[in-house]
Amino acid sequence: MTEMAFRGAPPRRADTSLLEDWWRSVDRWSLGAMLVLCAAGIVLGLAASPPLALKNDLHTYHYVLRQVVFTGVAVGAMVAVSMLPLQLIRRAGLIGFALFLVLTAALPWLGTDFGKGAVRWYSLGFASLQPSEFLKPAFVIVTAWLMAGATQAGGPPGRLISGMMACTIAGLLALQPDFGQASLVMAVWTAMLFASGAPVAFLMVMGGLVAVAGTLAYINSSHFAGRIDGYLAGSVDPTSQLGYAQAAIREGGLFGVGAAQGSVKSTLPDAHTDFVIAVAAEEFGLLITLVVIGLYLLITLRSMARVFEVRDPFLRLGGTGLAVLFGLQAFINFGVAIRLLPAKGMTLPFISYGGSSALAAGLAAGALLALTRTRRLDMASDLRSRV
């Protein structure tokens, strides 16, 4: 299985350096949008986190300085991964999948909830680790590899194996409980399944099974039922996180109340993480918020358009999965803030505070940039489907 070249791939001189070759072939629009989102994350962290730092008796800019470090590491990881050859990305995806699957499975015994009611993290003393953030992009890479291998004669039953993997991950996440991440994994796998050419009837059956699983979760999980009941309620408690977020978005209007003039960051405990977009809407207004949303759309749609120009199934499926993962996670975060979706506790890639979130986003974005690079046919020998 070899890759077909993108249309209009620029010629490559034999004497070009690795950096020059990367710059010529990388999708600069997506790269630029990602860097702008990173910068926006630091600005919004500066706006949202000082009240929490003071409340916790920390330096005013404690969380901001940490976010600068996290963002710097994430950008470095993104650029480094985007330069890797595809066989190394496949190998890293396989190793990462095995490692973080084990770490996710061990959370009930070794993890902590940091008082949030869901055991999702490992406490490292100086920092925390959320393995599910790294498991998601690794799962996409392995799934793309399996589904691509299934297109070859004598290849593995990639759809079946990857489906079992997706159900296993979703089950482990539901036990935390983290139904939002579980739903995200299943949605990404379904998108990849569709891109692989699965029959519509099969996808409809999968949708029915997901509906049954959701019903069972509602019946057997008070946590899940509470989220759904709160979403379906006719009104929102104004003292809840959703209530504060919606009030902040309304208060911001078109142009916002001004930088550092917002009040929601003083009342929302997750203003710098899950509800950072509410801070953006209040202080900078709807127009700037729409620009942020537009950046996520640009990266998602442009990446999908580029990977659909190639015939290599690994590139097409892996790029689709990572683009959907990136865009859908952002959409869920936005949807929760405006009450379009039930509360899920989903971070906003590159903008929400958090070391695991930032580094995982950087790795996933780097892999996406690697898969969407323009390549010539004479490079196909470097892209063989091997471990």
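Reckoned from all heavy atoms, side chains included, excluding hydrogens, waters and symmetry mates.
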Sidechain-backbone polar pair: [X] side chain, [Y] backbone, donor-acceptor under 3.5 Å:
X	Y	answer
K265	V279	no
N333	F275	no
R339	G243	no
E283	G262	yes
S82	V79	yes
Q329	L184	no
R120	D113	no
Q67	I351	yes
S162	T143	no
T267	V264	yes

Inset, instruction - Decide yes or no for R373 and W22: does some side-chain heavy atom of the first lie under 4.5 Å from some side-chain heavy atom of the second? - result: yes
Drop me the distance from [X]'s [atom1] to [Y]'s [atom2], to the nearest 0.5 angstrom.
X	Y	atom1	atom2	answer
L172	L101	CG	CG	6.0 Å
R91	I141	CZ	CD1	14.0 Å
L31	T372	CG	OG1	9.5 Å
M192	L325	CE	CG	10.0 Å
S25	M83	OG	CE	9.5 Å
R28	L369	CZ	CG	12.5 Å

Inset, instruction - Compute whether any side-chain donor of one residue and acceptor of the other, for T347 and S357, lie under 3.5 angstrom apart. - result: yes
Inset, instruction - Consider only side-chain heavy atoms of I, L, V, M, F, W and Y, link residues closer than 4.5 Å, and tell whether L54 and L46 are in one cluster. - result: no
Inset, instruction - Measure from NZ or CZ of R90 to the centre of the six-membered ring of F314, then state whether that distance is under 6.0 Å and the direction lies within 45° of the axis. - result: yes
For [X] versus [Y], what's the shortest heavy-atom pair and its separation?
X	Y	result
L317	A148	CD1-N, 4.0 Å
A138	F97	CB-N, 3.6 Å
Q130	W121	OE1-NE1, 3.4 Å

Inset, instruction - Return the orientation label for the F326 and Y296 ring planes: parallel under 30°, perpendicular over 60°, tilted otherwise. - result: tilted
Inset, instruction - Please work out whether the ring planes of Y63 and Y353 are parallel, tilted or perpendicular, with thresholds of 30° and 60°. - result: perpendicular
Legend entry - More than 12 heavy atoms of other groups within 6.0 Å of Y61 OH: no
